[in-house]
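Quick caveat, the model's predicted, so the values are computed rather than measured. A note on names: the letters A, B, ... follow the listed sequences, proteins ahead of strands, and every chain is numbered from 1.
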There are 2 protein chains.
Amino acid sequence: MNDVARTAGVSLKTVSRVVNGETTVDPTLVARVRAAVAALNYRRHLGASMLRRMDRRTGTIGLLIDDVGNPFSAALHRAVEDAARARGVHVLAGSLDGDPDRERELVRAFARRHADGLILAPAGADQGYLAAELPPDIPIVFVERPAAGFAGDAVLAGDASGALRAVRHLIGHGHRRIAYLGDPATHERREGYLTALEALGLHPVMIDGLRGSQAAEAATRSLLGRARPPTALFTGRNLITIGAVRALHGLGRHLDAALVGFDDFPLADLLEPAVTVVAQDPAAMGGAAARALFERIDGYAEEPREISVATTLIPRGSGEMPPTGS
Amino acid sequence: MNDVARTAGVSLKTVSRVVNGETTVDPTLVARVRAAVAALNYRRHLGASMLRRMDRRTGTIGLLIDDVGNPFSAALHRAVEDAARARGVHVLAGSLDGDPDRERELVRAFARRHADGLILAPAGADQGYLAAELPPDIPIVFVERPAAGFAGDAVLAGDASGALRAVRHLIGHGHRRIAYLGDPATHERREGYLTALEALGLHPVMIDGLRGSQAAEAATRSLLGRARPPTALFTGRNLITIGAVRALHGLGRHLDAALVGFDDFPLADLLEPAVTVVAQDPAAMGGAAARALFERIDGYAEEPREISVATTLIPRGSGEMPPTGS
DNA sequence: GTGAAAGCGCTAACAT
DNA sequence: ATGTTAGCGCTTTCAC
């Protein structure tokens, strides 16, 4: 910048003004500065500028989600990126893999990097650590799951009510023995399942802690091998649904057992039978989270908000099959 | 940091030494400093430290891919993240959507942010601008597609040879009328297709410029409506394959026309018929790209390398069906 | 082993 | 409208 000033024959401050697009500069000088900038291939150092600036914005937000490689998270990421791009903000993304330690570590790392804000899909059961870890001037918005022990805006999908709807759908098609397959992060969906069954005095069958598609496939196989197997399955997230589908196909029983999955997934409509799902809208959730975050960054300081993005039950066939067997 | 020094009763420099883990500090002072750091909840400002440091590393790399929300790109992203995490490096990701302007803009943005290196899946036909836009001290690795007009390491999938193999596979199953469906980014795969057909004097049928799954679906429908429709399809990327599958199912002709797709996709094995693909390994590509980039960041300065990640033909059914009709 | 002073590249506040 | 000075938070160099 010094070199530019010298080359253009102006003061350092004038260069700064030109580079920052301030209007109060003589056009002649502006031209001279621009020429020098071009000649020297000068680029301003954002780190240094951010050091002295008032607003101290880095133009970066942190996105902490389950797995950037998972289609659901990836769709959400994309929506966040689009909203960020509209403001010229960039996205630092990180995968948590359901690991609370990783969550905390990444929050700390992004805070140290002075992200302007964070969007977090909580992995751990408690976000109390945020009080110590997160500087008060960097806002956070939770997405997918609510946070515990720390107040902040949250963008949620109405998991419990969506699950309730899914299970009622199966009940409406005559099913009484309905099993639930889930993992730690689908806790709220399990609650919806239980609510629906309890209302009718039905007996819950729950398999929990399924990490990944393969575990779900194995669990489904063993479930269907039981003496009185369930006539319908309710699966708590897309990877689990896919594992279940794989098991049903593998056993040749895909036309026997009904299935409703939480989360839509690509090609669900082309399977045989096509898979009925309760679809979340990851793009809408990402967009809502980004908007909420930018409002906070812009100074909105009211009470934490809970933003609900509706789920949709999409009947495609697998959830409308009647019970078979006894 | 000044406050910490005062609280601990040491000089600023000593705090700096402790924070940076230098060993030549009296343990007593180390303890005092650590206590003060904890008491004041001090965090080092990385931006400021990076300003004066010798190595000038930001601990960030930029990843510029087609679309962070697309499963293929997302899997690649995940592999890059894993490699980066092992070094304590974070990933700034951006989607290009096939837009050369966006490519250039993001390169500039990430360069200004002083990313330590870039991984780019070229969207534009020419990367000559990099000579001007990219500071010489920030290395770049190309992935998925080679760059034109700028030298750099490239991680490629052997597109032409994979396509050749796919088409030969169809020919081996008796097909003579084989159509190609692609988009601008699958150019090399088209070359493989042409090579295979020309070797036998077969007549190529090519539909190009298909942006997205819906365009592919429409194109497939019109293709199959022709007087002498192709008996087999070769699709240039996963979204196009999915569009074609959707069209075949929609027309009820999924058991009539053979299909081999470039790129694997989730659930390809559960469709009816299961879809034969030439699979790239996005995770391997992302890992290789990250490794190559980190080698460059660490000072490796030999000639640009081309790293090839093998493709695999996975026969699943759709590519092994014999020709039907005339 | 520790500290004082200088300076990284830039912008704020205050002249002029 | 332009320039001067001070200082952001840190690491360097060099003296103690």
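Taking CG from Asp116(B) and OG1 from Thr60(B), the interatomic distance works out to 6.0 Å, rounded to the nearest 0.5 Å. From Leu120(B), atom CG reaches atom CG of Leu96(B) across 6.5 Å, with rounding to the nearest 0.5 Å.
In this structure Arg108(B) satisfies the side chain to side chain donor-acceptor pair (under 3.5 Å) test with no other residue, sequence neighbours excluded. The side chain to side chain donor-acceptor pair (under 3.5 Å) search around Ser11(B) returns Thr14(B), not counting sequence neighbours.
Nearest heavy atom pair, residue Leu46(A) against residue Arg113(B), reads CD2-NH1, 4.1 Å.
Between Gly47(A) and Thr24(B), the residue whose closest nucleotide on DNA chain C is further toward the 5' end is Thr24(B).
Residues from residues 31-41 of chain A that place a heavy atom under 4.0 Å from any atom of DNA chain D: there are none. The stretch residues 110-117 of chain A does not touch DNA chain D, since none of its heavy atoms comes less than 4.0 Å from the strand.
Judged as a ring pair (Phe, Tyr, Trp, His ring centres under 6.0 Å), not a single pair has a partner in residues 11-37 of chain B (not counting sequence neighbours). Applying the salt bridge (charged side-chain N to carboxylate O under 4.0 Å, His left out) definition to pairs two or more places apart or across chains, those involving residues 72-81 of chain B are Asp67(A)-Arg78(B), Asp97(A)-Arg78(B), Arg102(A)-Glu81(B), Arg78(B)-Asp82(B), Glu81(B)-Arg85(B). Residue pairs meeting the ring pair (Phe, Tyr, Trp, His ring centres under 6.0 Å) criterion with at least one member in residues 283-309 of chain B: none, sequence neighbours excluded. A ring pair (Phe, Tyr, Trp, His ring centres under 6.0 Å) check over residues 37-58 of chain B, counting only residues at least two apart or in different chains, returns the pairs His114(A)-His45(B). Among residue pairs with one or both ends in residues 74-94 of chain B, those qualifying as ring pair (Phe, Tyr, Trp, His ring centres under 6.0 Å) are His77(A)-His77(B), Phe110(A)-His90(B); sequence neighbours excluded. Evaluation of the side-chain hydrogen bond (donor to acceptor under 3.5 Å, both in side chains) test over residues 137-149 of chain B, restricted to residues two or more places apart or in two chains, returns Asp66(B)-Arg145(B).
Counting non-hydrogen atoms of neighbouring residues, nucleotides and ligands closer than 6.0 angstrom, the CZ atom of Arg87(A) exceeds 12 such neighbours.
Rounded to a whole Å, the CG atom of Leu51(A) is 18 Å from the P atom of dA6(D). Remark: P of dG9(D) and CZ of Arg6(B) are 12 Å apart, rounded to the nearest angstrom.
Salt bridge annotation for Arg6(B)-Asp3(B): present, with a cationic side-chain nitrogen under 4.0 angstrom from a carboxylate oxygen.
Put simply, Thr14(A) has a side-chain N or O that comes within less than 4.0 Å of OP1 or OP2 on dG3(D).
Axis angle, first five pairs versus last five pairs of the helix from dG1(C)-dC16(D) to dT16(C)-dA1(D): 30°, rounded to 10°.
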- Query: With the sugar-phosphate defined as primed atoms, P, OP1 and OP2, and the base as all remaining atoms, what B/S/- string results for nucleotides 10-16 of chain D, 5' to 3', for protein heavy atoms under 4.0 Å?
  - Reply: SBB----
